[in-house]
There are 2 protein chains.
Amino acid sequence: MTSSGPRWLSRSEQSAWRAYLRGSRMLEDALDRDLQEHGLQLTEYEIISMLSEAPRHRLRMSELAELVVQSRSRLTHTATRLEKRGWVVREPCENDRRGVELVLTPEGRGRVVDVSAAHVESVRRHLVDLLSPEQFQAVGVAMAQVRDAKEDVDPYEDDDHAGMATWA
Amino acid sequence: MTSSGPRWLSRSEQSAWRAYLRGSRMLEDALDRDLQEHGLQLTEYEIISMLSEAPRHRLRMSELAELVVQSRSRLTHTATRLEKRGWVVREPCENDRRGVELVLTPEGRGRVVDVSAAHVESVRRHLVDLLSPEQFQAVGVAMAQVRDAKEDVDPYEDDDHAGMATWA
DNA sequence: CGAACAAGATTGAACATTAAACCATTCGCC
DNA sequence: GGCGAATGGTTTAATGTTCAATCTTGTTCG
């Protein structure tokens, strides 16, 4: 299987990868720091921001978890926190009684409105304005490819196929 | 001061930003998941990897914290964990008795060697191979600009200047 | 039908991270 | 030389996140 050794990164690949790693960390850091002045983390902002754009300001937990790339468990905990602050409420799902919808409250909606102005400036300052429009678009295209690569995972992704199937 | 409203993102800027956000999260996720099969997180790998490249396999805590974009406190905790696993040890700093150097042990060195092969394949699979060489380099250049933008922060970055200076 | 399995979400405990306070050393400077 | 501020690191507690187990509802299929 692995007859040839690992394909190490070339010097220029290495430096690109290092730049990505450090740059993305610094960016996340900066955005988070700016948001904290408004009393929330970027991951929390993402949640209420997604809700604010959704029809009827609501999304199912699992769908939302997928959107913001968080585990279900993590979202459950975070939602509880946000609920305590009065920004969201949980509602049972109509069709599927297993489901729960997270709904943005008017107060939460206000929060998004208040914070988004500052946040967009933050994104500009720490990212968009540092790049030429062409560069920024190129980054967008590249990261969209990264994002979309995972859409269709191979059907046997999880190796919990430890035995006793029909053929056993 | 804010005479004009926030400069909202255009539609295409918006979609580039969303692609970046989601793509970068998914990438980090994938890399982390792959590394976890080897019993460590990406942030931990970064630390021992930096140490393995440093002269004499050692770096000062603060320097290392800066390199991997972690708070000093976080690095302190993580270093303690890594020390318990036997991958690093702390040594007092020669010249500066406040300082502490984190040193990679032979065992830790072995760990880096073992894991790096798998890690580089992971980086390729989830990022490098998904882009054309030109795209990847462009991302590298862009993120280097993001990284370098913060090098020289304005001297009054912290607003802990609450009063009673000389002029008060 | 009904038994097994899948999906949606939550729980609680273990673990990791953050934030603020703290201690020791060094630097700046009069 | 010595006082005050800055730097380097750690500590503790509070806060967040992960991991595995659990509970409930839905789906599949013999």
Side-chain angles (χ1 to χ4, degrees), chain A residues 25 28-29 32-33 35-37 39-47 58-85 88-103 155 157-158 160-166, chain B residues 25 28-29 32-33 35-37 39-47 59-85 88 90-102 155-158 160-166:
Chain A
R25 290 275 158 80
E28 187 109 6
D29 228 59
D32 241 325
R33 209 166 30 243
L35 273 176
Q36 252 142 14
E37 287 171 19
L40 37 66
Q41 308 169 227
L42 181 51
T43 53
E44 293 170 341
Y45 177 78
E46 282 181 76
I47 290 171
R58 67 184 58 221
L59 284 169
R60 285 189 63 154
M61 292 294 281
S62 57
E63 197 181 345
L64 184 51
E66 161 70 19
L67 273 173
V68 300
V69 195
Q70 293 187 17
S71 69
R72 282 179 173 65
S73 175
R74 179 175 179 180
L75 181 56
T76 290
H77 289 298
T78 307
T80 303
R81 246 184 291 141
L82 296 177
E83 208 170 16
K84 277 184 189 138
R85 295 183 207 165
V88 303
V89 291
R90 271 178 241 250
E91 283 185 16
C93 200
E94 308 240 313
N95 315 320
D96 188 344
R97 276 190 307 187
R98 292 170 301 182
V100 170
E101 283 184 339
L102 205 60
V103 189
E157 53 172 326
D158 287 7
D160 282 57
H161 305 276
M164 59 203 73
T166 30
Chain B
R25 290 276 159 79
E28 187 107 7
D29 229 58
D32 241 325
R33 208 165 34 243
L35 273 176
Q36 251 142 13
E37 286 170 19
L40 38 67
Q41 311 168 225
L42 180 53
T43 52
E44 294 171 342
Y45 177 77
E46 283 182 74
I47 290 170
L59 284 169
R60 286 190 63 154
M61 293 294 281
S62 57
E63 197 180 343
L64 183 51
E66 161 70 19
L67 273 174
V68 299
V69 194
Q70 294 186 18
S71 69
R72 286 172 211 283
S73 174
R74 181 175 180 179
L75 181 56
T76 291
H77 290 297
T78 307
T80 304
R81 246 184 292 141
L82 295 177
E83 206 169 17
K84 277 182 189 140
R85 296 183 206 164
V88 303
R90 272 178 239 251
E91 282 185 16
C93 199
E94 307 241 312
N95 314 321
D96 187 345
R97 278 189 305 186
R98 293 169 302 181
V100 169
E101 282 184 339
L102 205 61
Y156 291 91
E157 53 171 328
D158 287 7
D160 282 60
H161 306 276
M164 60 202 73
T166 28

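Protein chains get the first letters and strands the later ones, always in sequence-line order, with residue 1 at the start of each. Given the structure is predicted, the values throughout are model-derived calculations rather than measurements.
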A.B. asks: Just to be sure I understand the rule, does B:Arg90 reach a base, reach only the sugar-phosphate, or reach nothing, if contact means heavy atoms closer than 4.0 Å?
C.D. replies: sugar-phosphate
A.B. asks: Can you figure out which of C:dT17, D:dG9, C:dG8 approaches the side chain of B:Val100 most closely?
C.D. replies: D:dG9
A.B. asks: Would one find a side-chain N or O of B:Arg97 under 4.0 angstrom from OP1 or OP2 of C:dT25?
C.D. replies: no
A.B. asks: Under the criterion side chain to side chain contact (heavy atoms under 4.5 Å, CB included), I'd like the reasoning laid out for B:Gln41 against B:Leu35: C-alpha separation, chi angles, the key distance, then a yes or no.
C.D. replies: CA-CA 6 Å; B:Gln41 311 168 225; B:Leu35 273 176; over 6 Å; no
A.B. asks: Spell out, as yes or no, whether a donor-acceptor pair under 3.5 Å connects the side chain of B:Glu83 to the backbone of B:Arg90.
C.D. replies: yes
A.B. asks: Please compare A:Glu101 and A:Gln36 by the position of their nearest nucleotide in DNA chain C and report the one closer to 5'.
C.D. replies: A:Glu101
A.B. asks: Output yes when at least one side-chain N/O atom of B:Gln41 is less than 4.0 Å from OP1 or OP2 of C:dT17, else no.
C.D. replies: yes
A.B. asks: In whole Å, I'd like the distance from the CD1 atom of A:Ile47 to the C1' atom of D:dG16.
C.D. replies: 12 Å
A.B. asks: To the nearest 10°, let me know how far the axis at one end of the helix from C:dC1-D:dG30 to C:dC30-D:dG1 is tilted from the axis at the other, five pairs an end.
C.D. replies: 30°
A.B. asks: Are B:Thr76 and D:dT11 close enough that a side-chain N or O sits under 4.0 Å from OP1 or OP2?
C.D. replies: no
A.B. asks: Which nucleotide wins on minimum distance to the side chain of B:Asp96, given the candidates C:dT25, D:dT25, C:dT10?
C.D. replies: C:dT25
A.B. asks: Measure CG/B:Leu40 against P/D:dT18 and give the value in whole Å, please.
C.D. replies: 16 Å
A.B. asks: Please confirm whether the shortest side-chain N or O distance from B:Arg74 to OP1 or OP2 of C:dT18 is below 4.0 Å.
C.D. replies: yes
A.B. asks: Would you say the side chain of B:Leu40 lies within less than 4.5 Å of the side chain of B:Arg81, judging by non-hydrogen atoms?
C.D. replies: no
A.B. asks: Would you say C:dA24 has OP1 or OP2 under 4.0 Å from some side-chain N or O of B:Arg98?
C.D. replies: no
A.B. asks: Quick one: the side chain of B:Ser73 and the base of C:dA19, do they pair up donor-acceptor inside 3.5 Å?
C.D. replies: yes
A.B. asks: Apply salt bridge (Lys or Arg N to Asp or Glu O under 4.0 Å) to A:Asp29 and A:Arg25, showing your working.
C.D. replies: CA-CA 6 Å; A:Asp29 228 59; A:Arg25 290 275 158 80; over 6 Å; no
A.B. asks: Starting at atom CG of B:Leu59, determine the distance to atom P of D:dG9, rounded to an integer number of angstrom.
C.D. replies: 11 Å
A.B. asks: Report yes if the side chains of A:Val69 and B:Glu28 come closer than 4.5 Å at any heavy-atom pair, otherwise no.
C.D. replies: no
A.B. asks: Between the base of D:dC19 and the side chain of A:Ser71, is there a donor and acceptor pair under 3.5 angstrom?
C.D. replies: no
A.B. asks: Just the rounded figure in Å: distance from C1' of C:dA7 to CG of A:Asn95.
C.D. replies: 15 Å
A.B. asks: Which part of the nucleic acid, if any, lies within contact of A:Thr80, taking any heavy atom under 4.0 Å across all strands shown: a base, the sugar-phosphate backbone alone, or nothing?
C.D. replies: nothing
A.B. asks: Using whole Å, what does the distance between atom P of nucleotide C:dT10 and atom CG of A:Leu82 come to?
C.D. replies: 13 Å
A.B. asks: A side-chain contact here means heavy atoms from C-beta on lying under 4.5 Å apart; do B:Glu101 and B:Glu94 qualify?
C.D. replies: no
A.B. asks: Verify the contact: side-chain N or O of B:Arg81 to OP1 or OP2 of C:dA16, cut-off strictly under 4.0 Å; return yes or no.
C.D. replies: yes
A.B. asks: Checking all strands, does A:Asp32 fall into the base, sugar-phosphate, or nothing category for heavy-atom contacts under 4.0 angstrom?
C.D. replies: nothing
A.B. asks: Can you tell me the distance, in whole Å, between the CG atom of B:Leu35 and the P atom of D:dT18?
C.D. replies: 15 Å
A.B. asks: So if I apply the side-chain contact (heavy atoms from CB on, under 4.5 Å) rule between B:Leu102 and each of B:Leu64, B:Thr78, B:Thr76, which one comes out positive?
C.D. replies: B:Leu64
A.B. asks: Would you kindly give the CG-to-C1' distance between B:Leu75 and C:dA19, to the nearest whole Å?
C.D. replies: 16 Å
A.B. asks: Over all heavy atoms of both residues, which pair between B:Glu44 and B:Gly39 is shortest? Give the atoms and the distance, please.
C.D. replies: OE1-O, 4.4 Å
A.B. asks: Under 4.0 Å between a side-chain N/O of B:Arg60 and OP1 or OP2 of D:dG9, yes or no?
C.D. replies: yes
A.B. asks: Measure the distance from CG on A:Leu42 to C1' on D:dG16 and round it to the nearest whole Å.
C.D. replies: 15 Å
A.B. asks: Side chain of B:His77, base of D:dT11: donor and acceptor closer than 3.5 Å?
C.D. replies: no
